[in-house]
Amino acid sequence: MHRLMENIERYLMSCRELTAFCSQNGWIDNKSLYYEIIEQNDHHVIALVQFEEILMEGSGSLAGRVPCQGRLRLTLDRYGEVRAAELL
């Protein structure tokens, strides 16, 4: 289970699918990234993902943070590595 959690965390830190949960075209703050496994079997994991979206002004200064969340179905291979993500 611990290895699976590491695999999921590593995948989420770089997956593009999370940007679909951003509401204002900002950046995902990986330091705020949190997920919870809602459902799991040998082939996939359903995860509730939460993070803060960082908003920047044109001058490059921080304009604000927006909480974001959504659900993903993470498809696993036989080694427990995440192979794909699908928005739910």
Summary of side chain to side chain donor-acceptor pair (under 3.5 Å) pairs that have at least one residue in residues 12-25, sequence neighbours excluded
Ser23-Glu53
Side-chain donor-acceptor pairs of residues 80-88 under 3.5 Å, sequence neighbours excluded:
{"unit_1": "Glu81", "atom_1": "OE2", "unit_2": "Arg3", "atom_2": "NH2", "d": "3.4"}
{"unit_1": "Arg83", "atom_1": "NE", "unit_2": "Asp77", "atom_2": "OD2", "d": "2.9"}
{"unit_1": "Arg83", "atom_1": "NH2", "unit_2": "Asp77", "atom_2": "OD2", "d": "2.8"}
{"unit_1": "Glu86", "atom_1": "OE1", "unit_2": "Arg73", "atom_2": "NH1", "d": "3.2"}

Listed partners of Glu9 passing side-chain hydrogen bond (donor to acceptor under 3.5 Å, both in side chains), at least two apart
none
Would you call Ile37 and Ile46 a side-chain contact if the rule is heavy atoms closer than 4.5 Å?
no
For a side chain to side chain contact (heavy atoms under 4.5 Å, CB included) check, start with the C-alpha distance between Leu48 and Tyr35, then their side-chain angles and the critical distance, and finish with the verdict.
CA-CA 5 Å; Leu48 172 64; Tyr35 73 94; over 6 Å; no
Would Leu74 and Tyr11 count as a side chain to side chain contact (heavy atoms under 4.5 Å, CB included) here? Give the steps.
CA-CA 9 Å; Leu74 304 173; Tyr11 183 86; 4.2 Å; yes
So which residues get pulled into Tyr34's cluster when ILVMFWY side chains under 4.5 Å apart are joined, directly or through others?
none
About how many Å separate CD1 of Ile28 and OG of Ser32, when rounded to the nearest 0.5 Å?
9.0 Å
Any side-chain heavy atom of Asp29 sitting closer than 4.5 Å to one from Phe51?
no
Could you list the residues that satisfy salt bridge (charged side-chain N to carboxylate O under 4.0 Å, His left out) with Glu52, not counting sequence neighbours?
Arg65
Gap separating the CG atom of Asn7 from the CG atom of Leu76, nearest 0.5 angstrom
8.5 Å
Closest approach of Ser59 to Ser61 (non-hydrogen atoms, all atoms of both residues)
OG-OG, 3.2 Å
What residues join Met56 in its hydrophobic cluster, counting side-chain heavy atom gaps under 4.5 Å, either direct or through other members?
Trp27, Ile54, Leu62
Would a 4.5 Å heavy-atom cut-off, applied to side chains only, mark Ile38 and Arg71 as touching?
yes
Decide whether Phe21 and Val45 are clustered together by the hydrophobic rule: side chain heavy atoms of Ile, Leu, Val, Met, Phe, Trp, Tyr closer than 4.5 Å, transitively.
yes
